[in-house]
2 protein chains.
Amino acid sequence: MDIKKLERLHPELGITYLKPQRRVGLIVVLTGYGKGKTSSAVGMVVRACGHGMKVSMIQFMKGDIYTGEWDGIRNLDCDVELIPSGMGFCGIQGNPYPHAVHREAAQQAIRLAREKVESGRYDLIVLDEINNALKLNLVNLEQVLELIRLKPPLMHLVLTGRDAHPDIVALTDTVSEVQEIKHAYRKDIEPQPGIDY
Amino acid sequence: MDIKKLERLHPELGITYLKPQRRVGLIVVLTGYGKGKTSSAVGMVVRACGHGMKVSMIQFMKGDIYTGEWDGIRNLDCDVELIPSGMGFCGIQGNPYPHAVHREAAQQAIRLAREKVESGRYDLIVLDEINNALKLNLVNLEQVLELIRLKPPLMHLVLTGRDAHPDIVALTDTVSEVQEIKHAYRKDIEPQPGIDY
């Protein structure tokens, strides 16, 4: 089913390969209420894959509803793993699990994240929706700060989710707030595959 | 180099597969000055890949400087193509090409985009940095509006880049504005592979 995957319209153009004089392991936060935080993190996973980096993405609030990035990332021929660890969105209508169950799932996920951060074997670790998990008291602020302190100097760490904690923002290099200007669901359009999940 | 790519921490959790009662081809705009527009579009490409969709991504301003998503998307075992069509960022210091050369490249790209939109063969088309291309007068507003009018009803169209035109925003379903709260380059940190390119 594969077609020509990279076609350059202007092959006469020489390609410049940037190489930073100083490598830095960045801490990046993607927060805000608009669409595009998890998908942006997935995009960075793909970028890192293009550079031959080793990547782990742990999803804190997702695991109950299928989302296309699971198979998308599985289809990446790279040293990339995706671990959905959550019991779905805690407190969202229709989610049947009590807070203690969500918390235990998130605790298991953050222990795993810590192991992976401490292992020193990854170039990029993404903690997807960890900001929400913190806001909902599924993990503790101190646990997230500890992960940041343990981060190897050259490893990138990306944290996504609404309501990023100011103490975390204070420690990060790059923070984007995705604001919702419009969203299809306000016109009663259901979530659409490929875009919303 | 491949490792276990999808591990679920809670396999006892049943997975729900959403299926919208009404399929809609969405128009999505990702704009603003913060980091995370192109990477978010790449994330949607991965999501669409997970759903077995056919995707084309055309990059309007990129083509001269290597970026990891080129090889990342090439490594996706999906019906996905990426076409860098630009001569780099027009007007950015160090870019050697005059406006007319940038415009001709962008004109070639938008003709290609139109062919692809009209073909009806794609589930998702991403026009990366087209908002900048319009702002810089490399393409005309009417050309972009025409693409939107020609869009097959079930095809998703994603337009990225700073300074989205209000006439385009008016026609879209979902618009996110990515605001820069912090950015590493303000601390004189060079762009880092896997995160910034």
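Naming: A, B, ... by sequence-line order, numbering from 1 per chain.
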Minimum heavy-atom separation for [X] and [Y], please, with both atom names.
X      : Y      : answer
A/S176 : B/V178 : CB-CG1, 3.6 Å
B/Y197 : A/P20  : OH-CD, 3.3 Å
B/H51  : A/G194 : CD2-N, 3.4 Å
A/L171 : B/K182 : N-NZ, 4.4 Å
B/I195 : A/M44  : CD1-SD, 3.8 Å
B/L6   : A/R74  : CD2-NH2, 3.1 Å

So for [X], is it side chain, backbone, both, or neither that comes closer than 4.5 Å to the heavy atoms of chain A?
X      : value
B/D123 : neither
B/Q179 : both
B/Q59  : neither
B/L112 : side chain

Side chain / backbone / both / neither for [X] at chain B, heavy atoms under 4.5 Å:
X     : value
A/I83 : both
A/M87 : both
A/S56 : neither

Between B/K5 and A/E81, is there a side-chain N and carboxylate O pair less than 4.0 Å apart?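 No, this pair does not count.
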Could you check whether B/K187 pairs with A/D173 (Lys NZ or Arg NE/NH1/NH2 to Asp/Glu carboxylate O, under 4.0 Å)?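 A/D173 and B/K187: salt-bridged.
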With respect to chain A, which residue among [options] yields the maximal number of heavy-atom pairs within a distance under 4.5 Å?
options                      : result
B/Y185, B/Y17, B/Y33         : B/Y17
B/L26, B/I15, B/T174, B/T38  : B/T174
B/D71, B/I181, B/I189        : B/I181
B/A48, B/A109, B/P84, B/P191 : B/P84
B/K19, B/E180, B/R22         : B/R22
B/D64, B/T31, B/V42          : B/D64

Enumerate by number any residue of residues 97-105 of chain B whose heavy atoms lie under 4.5 Å from heavy atoms of chain A; in the absence of such residues, state 'none'.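 Result: B/Y97, B/A105.
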Select all residues of residues 139-169 of chain B having any heavy atom within less than 4.5 Å of some heavy atom of chain A, and report them by number, or 'none'.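 Counting heavy atoms that sit under 4.5 Å from chain A, the residues of residues 139-169 of chain B involved are B/H156, B/V158, B/V169.
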Side chain of B/Q192, backbone of A/V24: donor and acceptor closer than 3.5 Å?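 At least one qualifying donor-acceptor pair exists.
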Using only atom types and a distance under 3.5 Å, with no angle test, would you say the side chain of A/R8 pairs donor to acceptor with the backbone of B/S85?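 Judged by distance alone, no pair lies under 3.5 Å.
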From A/I65 CD1 over to B/L18 CG, what is the distance, rounded to the nearest 0.5 angstrom? 5.0 Å
For the atom pair CG (B/D196) and CZ (A/R47), what is the distance rounded to the nearest 0.5 Å? 7.5 Å
Which of A/K35, A/R186, A/K37, A/M53 touches chain B most, by non-hydrogen pairs under 4.5 Å: A/K35
I'd like to know if the side chain of B/S39 pairs up with that of A/S40 as donor and acceptor (distance under 3.5 Å, no hydrogens or angles considered).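 There is such a pair (donor and acceptor under 3.5 Å, judged by atom type) between the side chains of B/S39 and A/S40.
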Which one of B/N75, B/L76, B/V46 satisfies the side-chain contact (heavy atoms from CB on, under 4.5 Å) criterion with A/N75? B/L76
Heavy-atom distance under 4.5 Å between the side chains of A/H10 and B/Q108, does that happen here? yes
Does atom CD of A/Q21 have more than 12 heavy-atom neighbours from other groups under 6.0 Å away?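 No - once you tally the heavy atoms of other residues, nucleotides and ligands closer than 6.0 Å, there are 12 at most.
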